[in-house]
Chemist: 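Quick one: the structure is below, questions incoming.
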Amino acid sequence: MFNIILFGPPGSGKGTQSEKLIAKYGLIHLSTGDLLRKEMRENTPLGLEAKSFIEKGQLVPDEVVIGMISTAVDANPQTNGFLFDGFPRTVAQAEALDKLLSLKKTSINSVLFLKVNEEELIKRLVNRAKTSGRLDDADPEIQKNRQQVYKNETLPVAAYYQKFDKVVDIVGEGSIDEIFDALCKEINARNTATSVNSL
Ligand code: AMP
């Protein structure tokens, strides 16, 4: 199995690039944001619980998202690998993910960190708010909170994986295709000798 974490702040392009990467490498896309929004649309108990956090720009509790990811990983034993998007967002989630994958005799191959300057991020989020229909995009206060939560709780996840030499910085500015090419180059370079060849 070949597992990637696509990492970066809200607005860094994780969703857009995930779609292209799963198509090219045949990976299962696990976006906790998408999974939570689906639960919210379906008004499930989990969705109702998540809504109260998402609408404040806060993180949904670790045990909720870890449970969701664990179920999704269990449900796809035959996959080439997983692309994690928007997860892990705390060090506790990263540790839980590592444990979960090691039980399946696999691990994270690389953490691809999309680097985008703050001015560009704000510009993208203002644009996304016009079409996404997401309250947490449209409200500037919620937006500010999400960026703060990213800095305080999610950035330490990069430091956690740096200890294992798994983080690769990717320039997240430029055209969608340029960024995609940079991601593919890294994936291919870091994994030529391993499973990516057999995908
Ligand atoms: P996203 O679509 O990844 O930007 O996520 C939207 C919102 O869902 C976030 O602001 C959080 O409230 C919640 N969320 C998504 N993924 C996670 C996660 N891994 N841990 C906690 N909360 C999450």
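Whatever order the structure lists ligands and atoms in, that order sets their numbers, starting from 1.
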Chemist: Kindly indicate whether a cation-pi arrangement holds for Lys51 with Phe53, taking the cut-offs as under 6.0 Å to the six-membered ring centre and within 45° of the axis.
Modeler: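 Pair Lys51/Phe53 does not count as cation-pi.
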Chemist: Counting each atom of ligand 1 from 1 as listed, which ones have a heavy atom of Leu36 under 4.0 Å away?
Modeler: 8 (O), 13 (C), 14 (N), 15 (C), 23 (C)
Chemist: Who's closest to atom 18 (C) of ligand 1 heavy-atom-wise, of Glu153, Arg89, Met68?
Modeler: Arg89
Chemist: Restricting to non-hydrogen atoms, name the atom on Asp62 and the atom on Ala92 that form the minimum distance, rounded to 0.1 Å.
Modeler: OD2-CB, 3.4 Å
Chemist: Using non-hydrogen atoms of the residue, decide whether Arg37 is closer than 4.0 angstrom to ligand 1.
Modeler: yes
Chemist: If I apply the N/O under 3.5 Å rule, does Val60 come out as touching ligand 1?
Modeler: yes
Chemist: Among all protein non-hydrogen atoms, which one is nearest to atom 16 (N) of ligand 1, and what is the separation to 0.1 Å?
Modeler: Thr32 OG1, 2.8 Å
Chemist: What I want to know is whether Asp34 and ligand 1 share at least one N or O pair that is separated by under 3.5 angstrom.
Modeler: no
Chemist: With a 6.0 Å cut-off (strictly less than), is the heavy-atom count around CD of Glu42, excluding the residue itself, greater than 12?
Modeler: yes
Chemist: Under 4.0 Å from a heavy atom of Gln58: give me the atoms of ligand 1 that qualify, with their elements.
Modeler: 11 (C), 12 (O)
Chemist: What part of Lys14 sits under 4.0 Å from ligand 1 if we count only heavy atoms: the side chain, the backbone, both or neither?
Modeler: neither
Chemist: Does a side-chain N-to-carboxylate-O contact under 4.0 Å join Asp137 and Arg146?
Modeler: yes
Chemist: List every atom of ligand 1 that sits less than 4.0 Å from any heavy atom of Asp136, numbering the atoms from 1 in the order shown and giving each element.
Modeler: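 Under 4.0 Å from Asp136, ligand 1 has these atoms: 6 (C).
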Chemist: When you measure from the centre of the six-membered ring of Phe180, is the NZ or CZ of Lys20 under 6.0 Å away and within 45° of the axis?
Modeler: yes
Chemist: Can you name the atoms of ligand 1, numbered from 1 with element, that are less than 4.0 Å from a heavy atom of Arg146?
Modeler: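 Ligand 1 atoms under the 4.0 Å threshold to Arg146: 4 (O), 10 (O).
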Chemist: Under 4.0 Å from any heavy atom of Val65, which atoms of ligand 1 are there?
Modeler: 18 (C), 20 (N)
Chemist: Specify side chain, backbone, both or neither for Asp85, according to which of its non-hydrogen atoms lie closer than 4.0 Å to ligand 1.
Modeler: neither
Chemist: Is there a donor-acceptor contact under 3.5 Å linking the side chains of Asn3 and Thr106?
Modeler: yes
Chemist: Could you check whether Tyr25 and Asn188, counting side-chain N and O atoms only, form a donor-acceptor pair closer than 3.5 Å?
Modeler: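 Asn188 vs Tyr25: donor-acceptor pair found between side chains.
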Chemist: Quick check on contacts: which atoms of ligand 1 are under 4.0 angstrom from a heavy atom of Gln93?
Modeler: 18 (C), 19 (N), 20 (N), 21 (C)
Chemist: Testing Val157, Ile170, Leu112, Leu114 for side chain to side chain contact (heavy atoms under 4.5 Å, CB included) with Phe7, which one passes?
Modeler: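 Of Val157, Ile170, Leu112, Leu114, side chain to side chain contact (heavy atoms under 4.5 Å, CB included) with Phe7 is met by Val157 alone.
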Chemist: Quick one: do Glu95 and Lys99 make a salt bridge, cutoff under 4.0 Å?
Modeler: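 Salt bridge absent between Glu95 and Lys99.
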Chemist: Does this structure show an ion pair linking Glu173 with Lys123, if we count only N-O contacts that are shorter than 4.0 Å?
Modeler: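 Salt bridge flag = no for Lys123 with Glu173.
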Chemist: I need the contact type for Arg134 against ligand 1. Using non-hydrogen atoms and a strict under-4.0 Å cut-off, is it side chain, backbone, both or neither?
Modeler: side chain
Chemist: Need the ligand 1 atom indices (1-based, order shown) with element for anything under 4.0 Å from a heavy-atom of Gly86.
Modeler: 16 (N), 17 (C), 18 (C), 19 (N)
